Each structure stands twice: as C-alpha cells, then as structure tokens.
Protein chains: 2
Amino acid sequence: MYPNFIQHLKNHISLTEDDIKVLSTYVKIKSIKKKEFLLKEGQICKGNYFVETGLLRMFYINEKGTEQITQFALENWWLSDYMSLMMQAPSKFYLQTVEDSEIAVIEHQEQEELFKKLPQLERYFRIMMQRAYAASQMRVKYFHDFSKEENYRQFVSLFPKFIQRIPQYMLASYLGITPEYLSELRKKHP
Amino acid sequence: MYPNFIQHLKNHISLTEDDIKVLSTYVKIKSIKKKEFLLKEGQICKGNYFVETGLLRMFYINEKGTEQITQFALENWWLSDYMSLMMQAPSKFYLQTVEDSEIAVIEHQEQEELFKKLPQLERYFRIMMQRAYAASQMRVKYFHDFSKEENYRQFVSLFPKFIQRIPQYMLASYLGITPEYLSELRKKHP
DNA sequence: TAAAAAACTTAAGCTGGTTTAAGAAATAAT
DNA sequence: ATTATTTCTTAAACCAGCTTAAGTTTTTTA
C-alpha cells in the first residue's frame, strides 16, 4: 500500500501491521491525470494531500486574471489549503496536478476519527506541520533578502532537476516575476 | 501559573490538575525587559517561546546591515526559529522583545521528555503549527498579491491597535519597505 | 504531417519603490 | 531641564522589474 506514504510515516512514528490496516481504510489513494484539480477557488478544502508520485501546485488568480503560484509539492510532501481546511471556509486557492500523479488523501471529515484510532499520527503531523512552517519561515527570508535575479539563480542551483519538470512560466510565477523578465534573466545568465 | 498559557492549552486539549503540575516543572516563565534577546544569529535556537504578555519580534540582518523583520508574536502566540530548533543548526535570525514581556519557554532538550509525559501536547502543537503554517500560506498570498501601499493600508485597518505598539520603522521593515517610503504613504493616506 | 495552441523571446518605454542626504521631531538619559 | 539618541519626514535622482506588443519556437491535437 503506497510505499512512499507508509515509509514516510515509519520514518517518524512506529506502525504495527494492524495500524497499517486501519490506515488503509481511511487513506485513499487517487490516480490523477495531469492538470486536474483537487481544489478550486470558492470550494471548501476537503482533504490533506500527500504526493506519492508526481507533482502538485497551489496557486491563486489575481485581479489581473493571471495565475500566481504559491507552492509546489513534490514526492513525499503534504499540501493543502490549511486555512480553508481548518476553518472549513471557502478557499482562495487552486490545487492542481502538474504531472500525472498518485495522491494519498486524508479526508477532513474522517481525520479526527483516524487520529483517535492512531494517536501517533498527531505526532507525525505535528512534525510535518512544523517542518512546513520552518520551510516557510526560511522562504520569507529568501524572498525579502534576495533580488529576483538572485532568487532565480538560487532556485536553479538548488533544484536543477525540478526546473526541468515545470514550464518556465510556472517558475516565473512561483518566483513572482513575469515570464518576460525570466527570459531576460536566462539570456543574461544561462 | 501563567493564566494565558494554561487557558490556551485548555482551549485545545484537556488537562488535569496533575498534568498542570507536570507542565509547571517543564515550562519556565521568564520576565524579559524590552529589547533583550532570546536568540541571536549564529546561536542554536534552544527553546519554543509562548508570549504570555508583551511582544516579540523575529528579524535578520541583511547584507546592507539593515534589520529585516519577518514576524511579530503577540500575546498567546508561539514563536521560534523552527528550522534552527529542529535541526539544532545555527540560526540566521534574532529573537528579541519589543516590550517588557513574560515568556513561557519549552526548552528543546526537555521537549521530548515532556511530550512523553503529556502526549496530548503532540495534538496541541500539531494544531499550533498547522495554524502558524496556514497563516503563513495566507501571508505569502497577500505579499504577492498586494502592492506595498495596499499591504500597508490592509495592515493598518486590520491591526489598528497593534501599530500603536511598534515604531514606524519596524512596521516598514515588516512590510518590506523603507521608512522613507512608509512616511510618504502615510502622508498620502493618513 | 499539418494546423492550432501553448510556451518562450525580444525590445522599448514606463512606474513603484529605493537611495541619498539633510533636517525636524520625539523619546530617553543625565 | 538639557543633551544625546532615536525616530520620522522631505525631496530629487535613480533603477529593478513590469507592460505592451510583436514575433519565434515548441508541443499538442486532428
């Protein structure tokens, strides 16, 4: 059952065979084609999503009608609109696959029940949320600290394989620049 | 013992009198004068900090030698450099009181022991970290979405009391603008 | 394999926000 | 109360990154 998912849990908490059976009744895996949506603006976010294989992006549409990507999620990352999930309020975001993906889903409705049966999951998600928040704290720093050009160069040198999986305009959007300006930067520094 | 702190825990998990006694042996409260540091760049972050009363700020110093504030923490918020705390690696941030403050501290060394004695705390911190991360997701959106001027106006209208507790240059730093430009915005839109 | 659609590039003009430098006002210390 | 320090303001020159508009290349679809 979903090798990455189970291994990822086992890296942080201990699970018996029985625990895994319980998990498998609560955690559904979905195979999702490229460019399908898990969430659209205005909908209430219903699940927490783990990328078993593939790639997710989170974005919103600004006043000018252009997509602004706020996050990507690669293999072994959780992603959701946690504000919408917690408050059960309409989301301002879209969640969409960038590639054909296998996504493990914990439905919000069933989460409390699952956590009661497997209380270790509270610890697991405490660690996941702390890790995500820590990454976010660092990202705020880089965002403020570096110019767009420096940000671009850093991203390319840190994630050379990742940038080959996404179109340029998505990288531009994530970096908060126009595709035109990214094109200029690439010419200047190939 | 620290009314805000205990009440805050009780809002999310149940605690017996005995639990509270255990807590009081692990959670120290510190009275800290304005402008003292809980963490400086280069140090390894040693604790998770809860603001009982007062105000904390987190900032770093950029290449130009100017302070860039990344976060504030008011009453009933937790704050730490979670990357430094998790990895026990040198921090790139400073944590400093903005006002005289009472801060409840969970030392990193003792955290695992405390969590073993009070496993409900895993749930409590899972919720706290999820909440912080959710706020951070929204902040990334606002940061991208609004111009500096719109960001300033929104901040003022959302937190009118808060801005009276901090000097203008700290607001400018948090918003990612120069004090000169903030001054211009204030003149334009008092 | 041809046509349509999506993604990327080029270049000129423009703007939101910075820099620099000086002075004014408020707060803290003696 | 006076001085020193910190905070805030003003204004002009400047620049990183955007906009607009057109053209080119790559990918997808029929």
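Note that this is a predicted model, so its numbers are computed, not measured. The sequence lines fix the lettering, A, B, ..., with proteins before strands; numbering per chain opens at 1.
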Inset, instruction - Compare side-chain N and O positions of A:T178 against OP1 and OP2 of D:dC18 and report whether any pair is under 4.0 Å apart. - result: yes
Quick one: [X] [atom1] to [N] [atom2], roughly how many Å, whole number?
X      : N      : atom1 : atom2 : answer
B:L185 : D:dC8  : CG    : P     : 14 Å
A:Y152 : D:dA16 : OH    : P     : 18 Å
B:N62  : C:dT19 : CG    : P     : 9 Å
B:K148 : D:dC18 : NZ    : P     : 12 Å
B:E150 : C:dG16 : CD    : C1'   : 12 Å
B:F143 : C:dG17 : CZ    : P     : 10 Å
A:F146 : D:dG17 : CZ    : P     : 13 Å

Legend entry - Under 4.0 Å protein heavy-atom contacts per nucleotide of nucleotides 5-12 of chain C, with B for base, S for backbone only and - for none: --SSBBS-
Inset, instruction - Please round to 10 degrees the angle between the axis of the first five pairs and the axis of the last five pairs in the helix from C:dT1-D:dA30 to C:dT30-D:dA1. - result: 60°
Legend entry - Under-4.0 Å salt bridge between A:R153 and A:E149: yes
Inset, instruction - Among B:K28, B:K116, B:K117, B:K46, find the one that has a salt bridge (charged side-chain N to carboxylate O under 4.0 Å, His left out) with B:E110. - result: B:K28
Inset, instruction - Using the closest heavy atom to pick a nucleotide of DNA chain C for each, name whichever of B:K34 or B:E149 lands nearer the 5' end. - result: B:E149
Legend entry - Residues clustered with B:W77, ILVMFWY side-chain links under 4.5 angstrom: none
Inset, instruction - Enumerate the residues from residues 157-165 of chain A whose closest heavy atom to DNA chain C is under 4.0 Å, giving them by residue number; use none for an empty result. - result: none
Inset, instruction - Give a yes or no on whether B:E63 atom CD has more than 12 heavy-atom contacts from other residues, nucleotides or ligands under 6.0 Å away. - result: yes
Legend entry - Residue pairs passing the ring-ring contact (aromatic ring centres under 6.0 Å, His included) test where at least one lies in residues 9-34 of chain B, sequence neighbours excluded: B:H8-B:H12, B:H12-B:Y124
Legend entry - Beyond-backbone contact of A:E99 with A:T97, side-chain heavy atoms, under 4.5 angstrom: no
Legend entry - Minimum heavy-atom distance between A:L39 and A:C45, given as atom pair plus value: CD1-CA, 3.8 Å
Inset, instruction - Report the relative orientation of the aromatic rings in B:F5 and B:Y2; use parallel for angles under 30°, tilted for 30 to 60°, perpendicular for over 60°. - result: tilted
Inset, instruction - Determine, for B:F59 and B:R57, whether the Lys NZ or Arg CZ falls below 6.0 Å from the six-membered ring centre while staying within 45 degrees of the axis. - result: yes
Legend entry - Ring-face cation contact, B:Y181 with B:K148, 6.0 Å cut, 45° max: no
Legend entry - A:Y169: side-chain contact (heavy atoms from CB on, under 4.5 Å) partners, not counting sequence neighbours: A:E67, A:P167, A:P179
